[in-house]
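Every chain is numbered from 1 and lettered A, B, ... according to where its sequence line falls, protein lines coming before strand lines.
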Number of protein chains: 2
Amino acid sequence: MKESIDLTSKLMAQGYRLTPQRMMVLSAIQKSDNHISAEEIYAQVVAGYPCVNISTVYRTLELLKRLDLVTETDLGGGRVRYHPADKGHHHHLVCQECGRIIDLGETVLASLGNRLHREYGFRADLKHLAIFGRCADCQG
Amino acid sequence: MKESIDLTSKLMAQGYRLTPQRMMVLSAIQKSDNHISAEEIYAQVVAGYPCVNISTVYRTLELLKRLDLVTETDLGGGRVRYHPADKGHHHHLVCQECGRIIDLGETVLASLGNRLHREYGFRADLKHLAIFGRCADCQG
DNA sequence: GTGGAGTCTGCAAGTATTCGCAGTTACGAT
DNA sequence: ATCGTAACTGCGAATACTTGCAGACTCCAC
Ligand SMILES: [Mn+2]
Ligand SMILES: [Mn+2]
Ligand SMILES: [Zn+2]
Ligand SMILES: [Zn+2]
């Protein structure tokens, strides 16, 4: 239950409350190994607590993002996907032609992040990005 | 009218047709100096051709993107914005705290693009990106 | 000219996500 | 305990965009 203590303290520190809905949304994200969508989170939550509303799921996701507990990434499938922040940062190259997704380590964007900070004083959020383009097999 | 010839040839080359709707959408984007939204394009088009539908605007934008005549960028205002590709590539740093937008030259992402091509054979679409984070004044 | 085969469009319905509101709940202070 | 304030939630409506469909328009072959 380490992450539930983490959640509690992060919430309390800023005047937020720990509700069953919030616990269940975070736990659904933790449980899923891959990137999970809001609809999929909602389905899991509803299974154990039937009258939650999907707008509560979206509001909770917004909050968890702000607390840096989950990352949100648009991988191009028409719906955004979520990932627990403590399972490691990484990025993706998404081929717009064939849909292939190449995984990238966190470090690939590190030097860009450093440069943006050095030259512009800007702290870029480079925790979980998708970069679109064409993979090696799909160049025309 | 150089860009209209450009549009015609690019369309014809792939079996597409040149319609008044398509000309007007592209011209609305060319006319606007800043980044323009679909709704704003629609308003301009409707002024000269009242029965066009907004879904035609969206479909045309999809096409113009595929032809590399316009770029699409999510600058965080809840609606995506469009920019003519021939007015020069560039990028933006968007502060999630205060909304400030810092403009970036095309070159800032060039070495990342080269690296992705060298190491992964991936041709990243780095024509007009928004990178989110916190500006120098908003670090806490 | 006529007749397809596509291509394109308006319209209406659908999807993913957000927002306003009014009732409920949690927490701290008395 | 009880009261007040603020946070939180479900619900329904709104928003930005997408999609299916059926009619209209183009282009080309004959
Ligand atoms: Mn990922
Ligand atoms: Mn721009
Ligand atoms: Zn590919
Ligand atoms: Zn700022």
Side-chain angles (χ1 to χ4, degrees), chain A residues 7-26 28-29 35-67 70-82 96 130, chain B residues 7-26 28-29 35-43 45-67 70-82 96 130 132:
Chain A
L7 176 60
T8 310
S9 59
K10 283 212 177 189
L11 285 173
M12 295 314 188
Q14 309 191 31
Y16 297 116
R17 297 191 193 147
L18 183 66
T19 65
Q21 289 93 332
R22 288 176 178 173
M23 277 167 35
M24 292 175 79
V25 168
L26 183 58
I29 299 172
H35 307 78
I36 189 172
S37 73
E39 201 71 39
E40 290 163 353
I41 294 166
Y42 175 65
Q44 272 199 228
V45 171
V46 155
Y49 198 123
C51 72
V52 280
N53 192 272
I54 192 148
S55 58
T56 300
V57 172
Y58 280 109
R59 278 189 284 235
T60 301
L61 289 169
E62 205 60 43
L63 179 60
L64 295 176
K65 271 190 290 173
R66 219 174 326 139
L67 298 175
V70 316
T71 56
E72 178 195 79
T73 307
D74 176 9
L75 291 163
R79 60 193 61 179
V80 160
R81 300 195 152 263
Y82 300 88
Q96 273 159 332
Chain B
L7 176 59
T8 310
S9 59
K10 283 214 176 188
L11 285 173
M12 294 313 187
Q14 310 189 31
Y16 297 116
R17 298 194 190 144
L18 183 65
T19 64
Q21 289 93 331
R22 287 177 177 172
M23 277 166 38
M24 292 177 78
V25 168
L26 183 57
I29 299 173
H35 307 78
I36 190 172
S37 72
E39 200 71 39
E40 290 162 355
I41 294 166
Y42 175 64
V45 171
V46 155
Y49 198 123
C51 74
V52 278
N53 192 271
I54 191 148
S55 58
T56 299
V57 172
Y58 280 112
R59 278 189 284 235
T60 301
L61 289 169
E62 207 60 44
L63 179 61
L64 295 176
K65 271 191 291 173
R66 220 174 326 141
L67 298 174
V70 316
T71 57
E72 177 195 79
T73 308
D74 176 10
L75 290 163
R79 61 193 60 181
V80 161
R81 300 195 152 264
Y82 299 88
Q96 274 160 331
F132 295 90

Decide, yes or no, whether a salt bridge links A/Lys65 with A/Glu62 under the criterion of side-chain N to carboxylate O below 4.0 Å. yes

How many whole angstroms separate atom [atom1] of [X] from atom [atom2] of [N]?
| X | N | atom1 | atom2 | answer |
| --- | --- | --- | --- | --- |
| B/Glu72 | D/dT18 | CD | C1' | 13 Å |
| A/Tyr42 | D/dT9 | OH | P | 14 Å |
| B/Leu18 | C/dG6 | CG | P | 22 Å |
| A/Arg22 | C/dA26 | CZ | C1' | 11 Å |
| A/Asp74 | C/dT17 | CG | P | 9 Å |
| B/Met23 | C/dT9 | CE | C1' | 16 Å |
| A/Tyr16 | C/dC27 | OH | C1' | 17 Å |
| B/Leu11 | C/dC8 | CG | C1' | 12 Å |

Listed nucleotide nearest any side-chain atom of A/Ser55, set D/dC11, C/dC8, C/dG10: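 Output: D/dC11.
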
Indicate whether OP1 or OP2 belonging to C/dG10 is found under 4.0 Å from a side-chain N or O atom of B/Gln21. yes

Atom of [X], atom of [Y] and distance for their closest heavy-atom approach:
| X | Y | result |
| --- | --- | --- |
| B/Tyr49 | B/Pro20 | CE1-CB, 3.7 Å |
| B/Tyr16 | B/Leu67 | CE1-CD2, 4.4 Å |
| A/Ile36 | A/Ala28 | CD1-O, 4.0 Å |
| B/Ala130 | B/Leu75 | CB-CD2, 3.9 Å |

Quickly, which of B/Leu11, B/Val70, B/Leu26, B/Val25 forms a side-chain contact (heavy atoms from CB on, under 4.5 Å) with B/Leu63? Name it, please. B/Leu11

If we ignore hydrogens and angles and just use 3.5 Å, is the side chain of B/Arg22 paired with the main-chain N or O of B/Thr60 as donor and acceptor?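 Checked: no pair found.
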
Could you check if a side-chain atom of A/Thr56 sits within less than 4.5 angstrom of a side-chain atom of A/Val45, using non-hydrogen atoms only? no

Side-chain heavy-atom pair A/Leu61, A/Val80 within 4.5 angstrom cut-off: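 A side-chain contact under 4.5 Å is absent here.
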
Mind listing the residues from residues 56-66 of chain B sitting with a heavy atom below 4.0 Å of DNA chain D? Number order is fine.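 The stretch gives B/Tyr58, B/Arg59 as the residues lying under 4.0 Å from the strand, ordered by number.
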
Whether each nucleotide of nucleotides 25-30 of chain D has a protein heavy atom under 4.0 Å at its base (B), only at its sugar-phosphate (S) or at neither (-) is summarised, 5' to 3', as BB----

Closest-nucleotide mapping onto DNA chain D: is A/Ile54 or B/Ala38 further toward the 5' terminus? I mean the 5' end.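 The answer here is A/Ile54.
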
